[in-house]
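Keep in mind it's a predicted model, so treat the numbers as computed, not measured. Basis for what follows: all heavy atoms, side chains included, without hydrogens, waters or symmetry-related copies. Convention: sequence-line order gives letters A, B, ...; per-chain numbering from 1.
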Number of protein chains: 2
Amino acid sequence: MTDHDDVRARILDAAEKLFYERGIQAVGMDRLRTAAGVSLKRLYATFPAKQDLVTAYLHRRDTRWRADLATYVDAHTPRDAPAPEAATARIRAVFDWLAAWFATPDYRGCAFLNAHGELGAVSPDIARAARAHKQALRSYLTDLVRPLGHPHPAQLAAQLALLIDGALTDAAVSGDPSAATTARTAVETLLAAPRPIPHP
Amino acid sequence: MTDHDDVRARILDAAEKLFYERGIQAVGMDRLRTAAGVSLKRLYATFPAKQDLVTAYLHRRDTRWRADLATYVDAHTPRDAPAPEAATARIRAVFDWLAAWFATPDYRGCAFLNAHGELGAVSPDIARAARAHKQALRSYLTDLVRPLGHPHPAQLAAQLALLIDGALTDAAVSGDPSAATTARTAVETLLAAPRPIPHP
DNA sequence: TATCGTAGAGAACGATCGTTCTCCCCGGAA
DNA sequence: TTCCGGGGAGAACGATCGTTCTCTACGATA
C-alpha cells in the first residue's frame with residue numbers, strides 16, 4: 001500500500017521530469033522504466049497504458065502547479081493593507097513567481113501548452129486536461145482580481161491570463177526570462193488604467 | 001514553373017495541412033505521400049529526409065503568415081490620417097486579423113508554438129525556426145509601434161507580442177475565438193496609457 | 001523495332017515503439 | 001527441507017515509423 005504508493009510516486013516523478021523536458025512522444029516506456037527504477041511489470045501494473053500515465057502526469061502537475069502558485073501568492077500578501085491594495089500585491093506576486101520560474105535552468109514552457117501542441121489534436125484526453133488547467137488558472141485569477149472592485153473582473157482576469165500564457169510561451173521559445181517582467185509592466189498599466197485604483 | 005517546382009509545392013501543401021492539423025510526429029511519410037499524390041521516390045528526391053520537409057514547411061509558413069498579416073494591415077491603413085492615428089489603426093488591424101483567423105473552423109493555434117512544444121526540446125532546427133518566427137513578428141510589431149512616438153517602442157512591441165502569443169494559445173486550447181477581442185481590449189488600454197509604470 | 005532511362009507502385013528493411021510473455025530467483029509456509 | 005507464488009530482468013511480439021530497394025511499365029531515341 002505504502003509500497004504501491006511509493007512506486008506510483010517514483011514513476012510519476014520520472015514521467016514528469018522526462019515528459020516535461022523532452023516531450024511525451026519522445027520518451028518511451030523503457031526509458032521511463034529505467035529512470036523510475038521499476039520493472040516493466042510493475043510499471044504496467046501501476047499504469048495499464050502510457051495514456052494513463054500521461055493523464056496522471058498532467059493531473060498531478062496541474063494540482064501541484066496551482067498549489068505552488070497559490071502558496072507563493074499567499075506568502076506575499078501584505079497583512080495590514082486594504083483589500084484593493086492587497087489584491088494588487090497578490091497579482092504582482094503571480095508575475096514574480098513566473099519570473100523566478102522562467103529563470104530556472106530547466107524551464108521549458110507550460111507543460112499543458114506543450115502537451116496540447118504535441119497531442120491535443122489527436123488525444124481528446126490531453127486536450128481536455130489542458131483546457132481544464134487553463135480554465136482553473138483563469139478562475140483563480142478572477143478570484144485574485146475581484147477585490148480590486150474592477151467593473152469587469154472576469155474580463156480583467158482574461159487579460160491577465162493572456163499575458164501569462166504569452167509570457168510562458170515567449171520565455172520558452174526565446175529562452176529569455178524577461179518575458180515575465182514585460183508582462184508585469186503591462187499588468188501595471190492594465191491595473192492603473194480603466195477604472196483607476198490609486199496606488200502610491 | 002517546372003514540373004519539379006509543382007511537385008514541391010504539392011508536397012508542401014499536403015505537409016502544411018497535415019502537420020498543422022495533426023502534429024508533426026502524428027503524420028507519417030506514407031500518409032503525406034498519399035495526400036500529395038506523389039510517389040515515395042519523388043517525395044524523397046524532393047526532400048531527402050522528413051526533417052528537411054519539416055523545416056521547409058515551417059519556413060514557407062513563416063514567410064506566408066507574415067506576408068498575409070502585413071497585407072491585411074496595409075489594406076486597413078487609413079490614407080489620410082496623421083502618423084500616430086494611422087499607427088493605432090494598423091495595430092488594431094493586427095488583432096482584427098487574428099480574430100478572423102481564430103474564427104476559422106480549422107484553427108489549431110500557432111504552428112510554430114505547436115512545433116516547438118512538440119519537438120523544440122529534441123530538434124534544434126525546429127527550436128530555431130520558432131525563435132526566428134517570433135523574433136520576426138516582434139520586429140514587425142516594433143515597426144508598427146514606432147510612429148506612435150512611444151518612449152519605449154520595443155517595450156510596447158514586446159507587450160503586444162505577449163498578448164498575441166497569449167491569444168494564439170488561449171484560442172487554440174479553449175476553442176474560443178474571443179481571445180482576440182480580449183487581447184484587443186487590453187491593447188486599447190496599453191495604447192491609451194500615457195507611459196508604462198515601473199514598479200520596484 | 002529495339003534499347004535505354006526514368007518514374008510509379010509498393011514491398012522490404014531496420015529501428016523503435018507500446019505491450020505482453022517467459023524464465024528465473026527468492027522468501028515464506030508446510 | 002520442499003513447494004509455491006510473486007516479482008524482477010529482459011526477450012519477444014506485433015505495429016508503425018522513416019527510408020531504401022525491386023520490379024515493372026512506358027516514352028523517347030536511334
With nearest nucleotide decided by heavy atoms, which residue, B:Leu40 or A:Tyr44, maps closer to the 5′ end of DNA chain C? B:Leu40
Inspect the contact between [Y] and [X] and indicate whether a charged nitrogen and a carboxylate oxygen are less than 4.0 angstrom apart.
| X | Y | answer |
| --- | --- | --- |
| A:Lys134 | A:Asp165 | yes |
| B:Asp68 | B:Arg64 | no |
| B:Asp13 | B:Arg8 | no |

Considering every strand and a 4.0 Å limit on heavy-atom distances, what is the contact class for B:Lys50: base, sugar-phosphate, or nothing?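 The answer is sugar-phosphate, as B:Lys50 gets under 4.0 Å only of primed atoms, P, OP1 or OP2.
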Anything under 4.0 Å to a heavy atom of chain A counts; send over the first and last such nucleotide of DNA chain D, read 5' to 3'. D:dG7 to D:dA11
Hydrophobic cluster mates of B:Val122, side-chain heavy atoms under 4.5 angstrom, ILVMFWY only, any path?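 When side chains under 4.5 Å apart are linked, B:Val122 ends up in no cluster with other residues.
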DNA chain D: 5'-proximal contact among B:Asp30 and A:Arg33 (nearest heavy atom):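 Nearest-nucleotide comparison on DNA chain D picks A:Arg33.
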May I ask you to check whether over 12 heavy atoms, not counting those of B:Arg31, lie within 6.0 Å of atom CZ? no
